[in-house]
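Everything on this sheet refers to the single structure shown next.
Side-chain atoms are counted along with the backbone in the values below, which use heavy atoms only and exclude waters and symmetry mates. Just so you know, these numbers come straight off a predicted model, no measurement behind them. Counting from 1, the numbers follow the sequence of the chain as shown. Every number for a ligand or one of its atoms is a count from 1 in the order of the listing.
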Amino acid sequence: MICPGCFQGIDTEGYCKKCLKNLFAGKKVAHVLPFNSPYKEDSDLYRDLTKKMSISGVQVKFSMRLKEDKLILTDKGGQYILKPIPTGQFNNLDQAPANEHLTMQLAKQLFNMDVPVNAIIYFNDASPAYLVKRFDVKADGSKFQQEDFAQIAQLSEETHGKNYKYDLSYEEIGTLIKRHISMYAFELEKFFRLILFNYIFSNGDAHVKNFSAMRTDAGDYMLTPAYDLLCTRIHSAQESDMALPLLKDRFTDAFQVQGFYTLPDFKEIGRVIGIKDSRVARIINEFNGKDESIDHLVDRSFLKDEIKVDFKSYYKDKLKRIKQF
Ligand SMILES: [Zn+2]
């Protein structure tokens, strides 16, 4: 059997010891919830909760907390966010929980990126959901102060119109990181790795609000762990390669020729946000030679077989573009 947290092979059903420890402080929480998904459960429970607690965004999300060794839906003191299969006009939406889980596990296990603890969990009717532990909640229940980069850049629907989430470039977010985070050298590298990861794994919706900074207990700011990572191309064939342009108001010569981002574009964004060329090259190189381990995790993921094939071909396309020059 495969652990629905980390894909590790285990003897029994459910989460492995390590995932139980990371997700639930070691409590033996089951990987199946004792109630049905919101689409099958015609109950007041969900109706009330959907009204009260859906966190902003298109997808309905539920807040959960641990009560002894059980996860319960809650409207206060949430420690986890539960994302069931979304509804809407996009393709393969039944694959969304497995897609997000796989993409987040790739970020963590193969690229050592800082991501919140996450897993697949099942409803009683066997439909899957993506479960993620909130990184902004401290052990004592209080919260870290955090702001997304739309707030930091003072972009809002009122001031910048409906499309405000897409009204900045990654270069400009880099500039904001330098301005607002004192330990920015390290955070800029994290940011650079994340935008490269998003490009390679076809996360075309990493808009301004999908990057945030939080205040640490020491009083300074750092980037939050990465969140909402998934291969959006699986759900929308027309999705653009990236939610935001890499550079502010310009394109490289290579882009003008190719019409898509290649190695020179990433070298340029790395340079303009202030990362040393040697570090840029090193981070880009982290994405080389990992095909086998990526494919291994894709194979173990909870995606349908034909979607696994798509997932692999999409990232291979992008790697080719990065290696082209
Ligand atoms: Zn595990």
Side-chain angles (χ1 to χ4, degrees), residues 1-35 37 61-74 78-85 94-139 193-194 197 201 203 224-231 234 286 290-305 307-308 311-312 315:
M1 269 157 278
I2 290 175
C3 168
C6 64
F7 305 129
Q8 196 79 248
I10 43 169
D11 297 335
T12 51
E13 275 210 323
Y15 300 112
C16 75
K17 277 210 174 103
K18 199 171 165 201
C19 286
L20 286 175
K21 182 169 172 274
N22 294 337
L23 282 160
F24 310 116
K27 291 183 181 141
K28 287 209 170 71
V29 177
H31 69 301
V32 181
L33 294 164
F35 47 88
S37 72
K61 302 172 188 179
F62 296 97
S63 190
M64 301 197 95
R65 68 182 170 84
L66 212 48
K67 193 181 174 197
E68 285 146 25
D69 62 352
K70 291 197 168 51
L71 278 171
I72 56 164
L73 293 164
T74 182
Q79 302 161 308
Y80 304 87
I81 294 169
L82 181 76
K83 294 163 91 172
I85 292 171
D94 63 328
Q95 301 295 299
N99 180 1
E100 184 162 0
H101 175 240
L102 167 63
T103 312
M104 297 290 281
Q105 290 298 319
L106 286 167
K108 179 183 158 48
Q109 295 188 30
L110 299 183
F111 299 96
N112 220 1
M113 288 159 61
D114 185 16
V115 300
V117 187
N118 62 85
I120 286 291
I121 194 159
Y122 294 91
F123 291 103
N124 209 18
D125 54 49
S127 82
Y130 172 73
L131 180 76
V132 61
K133 198 169 169 182
R134 292 180 63 150
F135 52 74
D136 59 333
V137 177
K138 300 183 199 177
R193 186 179 292 106
L194 179 54
F197 180 92
F201 290 100
N203 178 14
T224 64
Y227 52 93
D228 286 358
L229 309 180
L230 78 168
C231 174
I234 285 171
E286 289 170 14
K290 292 218 164 97
D291 296 35
E292 227 176 276
S293 13
I294 296 171
D295 288 353
H296 177 73
L297 284 193
V298 177
D299 286 335
R300 297 205 133 211
S301 77
F302 305 104
L303 289 170
K304 286 198 286 207
D305 285 348
I307 305 294
K308 287 179 182 172
F311 194 103
K312 288 179 190 171
Y315 93 78

Mind telling me whether Y15 and H31 have parallel, tilted or perpendicular rings, with 30° and 60° as the class edges?
-> perpendicular
If only atom types and distance count, is the side chain of H101 paired as donor or acceptor with the main-chain N or O of G5 below 3.5 Å?
-> yes
Give a yes or no answer on whether the side chain of Y315 reaches the backbone of D291 with a donor-acceptor pair at less than 3.5 Å.
-> yes
Pair Y80 + F24: ring centers closer than 6.0 Å | yes
Kindly assign one of parallel, tilted or perpendicular to the pair F311 and F201, based on the angle between their ring planes and the thresholds 30° and 60°.
-> tilted
Do any N or O atoms from the side chain of D69 and from the backbone of K27 form a donor-acceptor pair under 3.5 angstrom?
-> no
Protein-side N, O or S atoms sitting under 2.8 Å from the Zn ion (ligand 1) are C3 SG, C6 SG, C16 SG, C19 SG
